[in-house]
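To start, the structure itself, in structure tokens.
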Amino acid sequence: MDGEHITLGFERGRPARRMPIHRLVLLILLMGSMLIVLFAYWDVMMLTAGAVPMARDTNSIGSAELGNETLAEKLHREVRILCWVLTTPKYHKTRAIHVLRTWGKRCNKIYFMTSEPDDELPTVVLTKPDRYEVLWGKTKEAFTHIHEQMGDEADWFIKADDDTYVFLENLRYMLYPYSPNMPIYFGFNYKMVGTHQKNESYMSGGSGYVLSREALRIFAEGLNDTAKCRQEDNHAEDVEMGKCLFNLGVKAGDSRDEQLRNRFYPVVPYGALLSGNVGMDFWLYKYAYYNARACMDCLSEYPVAFHYVNKEQLYVYEYFNYQFQRSGRLQVEEQLPKKIREEDLVIPESDNPVT
């Protein structure tokens, strides 16, 4: 038996050619495999195309030419922020590590100021003891170390507690108009209590405060001036920081948005959103440099920081701000704010009459 064949066709004047069946089967299998590969490739391309974001409208960010960058990526590159978090060894695993895993990962650099090293944290070990009474001493030591060892790592330097939550994207957006060569710092502004100079104020240590590179230099080089800065390590850290910076000529910036709504807030959000939650004798309303109110429209849409945020809430903030999506939400066209020259800087005086 010569084997089975199949006739493929013929040409005029020539006998028809026949192909063995086993070769035909191989040809069909080969063509089928090629079709399967082509269909698979098509599916992958379609799925990938669905996952790639649409081309961004660069007109929505003013004159900035982002190319393939998002606005957040551009600000991350242009507004470099070093975060340092004040903590203690007993809070390394219950607070600090959770800061590192949430908002801390969006800092350009982050360090935890403490008294003992930790393999899971980028720590800087301070010489001052872990006592609340010497927070001013620890703050002076931390900022001095950063100025001397890490001053070229960032343009802005924010101090936060280990129960603070910071939205780095909003902080960069707020700082973008200001030059880091301007002697200025920002936070939630409090009135000074007792005898003080006109317009003297200080920023809440709980919700954090951020110094420009020039403000950091002025502070580090001037804090040993006994006439301007407290040399003892005791007393309230944020109050002494405010006095020292004021005496050294560093401006206390207004961190509120264009509608005069707070970006930094020294308590959790509901304290600002629920009117009637506390009376006007509440300490926050009494000491706020700018008139503090409570209403559903009293917080900025672009908040920067909140205080008294426990570790569970850290992850809730993460979810609702970086994972949560709402169907049908309108996309907001964002524009970078205009740059501000130092000679054009205007800082409003206090408007809070509550005493």
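Numbering starts at 1 and runs along the sequence shown.
Counting only heavy atoms from C-beta outward, the side chains of Tyr319 and Thr102 never approach each other to under 4.5 Å. Within the 4.5 Å cutoff, side-chain heavy atoms of Pro122 are placed close to those of Phe112. Looking at heavy atoms from C-beta onward, Leu336 lies in side-chain contact with Leu75 at the 4.5 angstrom threshold. Two residues are said to be in side-chain contact when any heavy atoms from C-beta on lie closer than 4.5 Å; Glu301 and Gln259 fail this criterion. Between Trp156 and Phe186 the shortest side-chain heavy-atom distance falls below 4.5 Å. Glu214 is not listed as a side-chain neighbour of Ile184, based on a closest heavy-atom distance of 4.5 Å or more. Within the 4.5 Å cutoff, the side chain of Lys228 has no heavy atoms near those of the Phe246 side chain. For the pair Phe167/Pro303, a side-chain contact is recorded, criterion being any heavy-atom separation below 4.5 Å from C-beta on.
Around atom NZ of Lys93, more than 12 heavy atoms belonging to other residues, nucleotides or ligands sit under 6.0 Å away. Within a 6.0 Å sphere centred on CD of Glu312, heavy atoms belonging to other residues, nucleotides or ligands number more than 12. The number of heavy-atom neighbours closer than 6.0 Å to CD of Glu343, taken from other residues, nucleotides and ligands shown, is above 12.
Listed here is the closest heavy atom pair of Ala154 and Ile81: CB-C, 3.9 Å. A pairwise comparison of heavy atoms in Ser201 and Tyr190 identifies CB-O, 3.1 Å as the closest pair. Nearest heavy-atom pair across Asn170 and Tyr302 is ND2-C, 3.3 Å. Residues Ala142 and Met113 share a closest heavy-atom pair of CB-CG, 3.8 Å. Of all non-hydrogen atoms in Met150 and Val124, the two that sit nearest each other are CE-CG2, 3.8 Å. Of all heavy-atom pairs between Trp136 and His235, the closest is CB-O, 3.8 Å.
Side chains of Tyr111 and Gln149: a donor-acceptor N/O pair is absent below 3.5 angstrom, by distance only. A side-chain donor from one of His92 and Thr114 sits under 3.5 Å from a side-chain acceptor of the other. Side-chain atoms of Glu342 and Asn181 form no donor-acceptor pair, as typed in the model, at a separation below 3.5 Å.
Within the cation-pi definition used here (under 6.0 Å to the ring centroid, within 45° of the axis), Lys339 does not qualify as a partner of Tyr178. Judged by the 6.0 Å and 45° rule, Arg263 forms no cation-pi pair with Tyr173.
Checked options Leu171, Thr164, Val166; the residue passing with Phe264 is Leu171 (criterion: side chain to side chain contact (heavy atoms under 4.5 Å, CB included)).
Ring-centre distance between Tyr165 and Phe306: not below the 6.0 Å cut-off.
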Arg101 and Glu318: CA distance, side-chain angles, deciding distance, salt bridge (Lys or Arg N to Asp or Glu O under 4.0 Å) verdict: CA-CA 10 Å; Arg101 292 170 180 170; Glu318 281 286 299; over 6 Å; no
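Considering CG of Asp225 and CG of Leu248, their distance stands at 7.0 Å, rounded to 0.5 Å. Taken from OH in Tyr176 to NZ in Lys338, the straight-line distance is 12.5 Å, to the nearest 0.5 Å. Rounding to the nearest 0.5 Å gives a distance of 9.0 Å between OG of Ser207 and CG of Asn262.
With sequence neighbours excluded, the residues that form a side chain to side chain donor-acceptor pair (under 3.5 Å) with Asp162 are Thr87, Arg95.
Note: the hydrophobic cluster containing Phe320 does not contain Leu299 (ILVMFWY, side chain heavy atoms under 4.5 Å, direct or indirect links).
Ion pair Glu237/Lys138 not flagged as a salt bridge, since none of the NZ, NE, NH1 or NH2 atoms sits closer than 4.0 Å to an Asp/Glu carboxylate oxygen. Between Asp130 and Lys128 no salt bridge is recorded (no basic side-chain N to carboxylate O distance below 4.0 Å).
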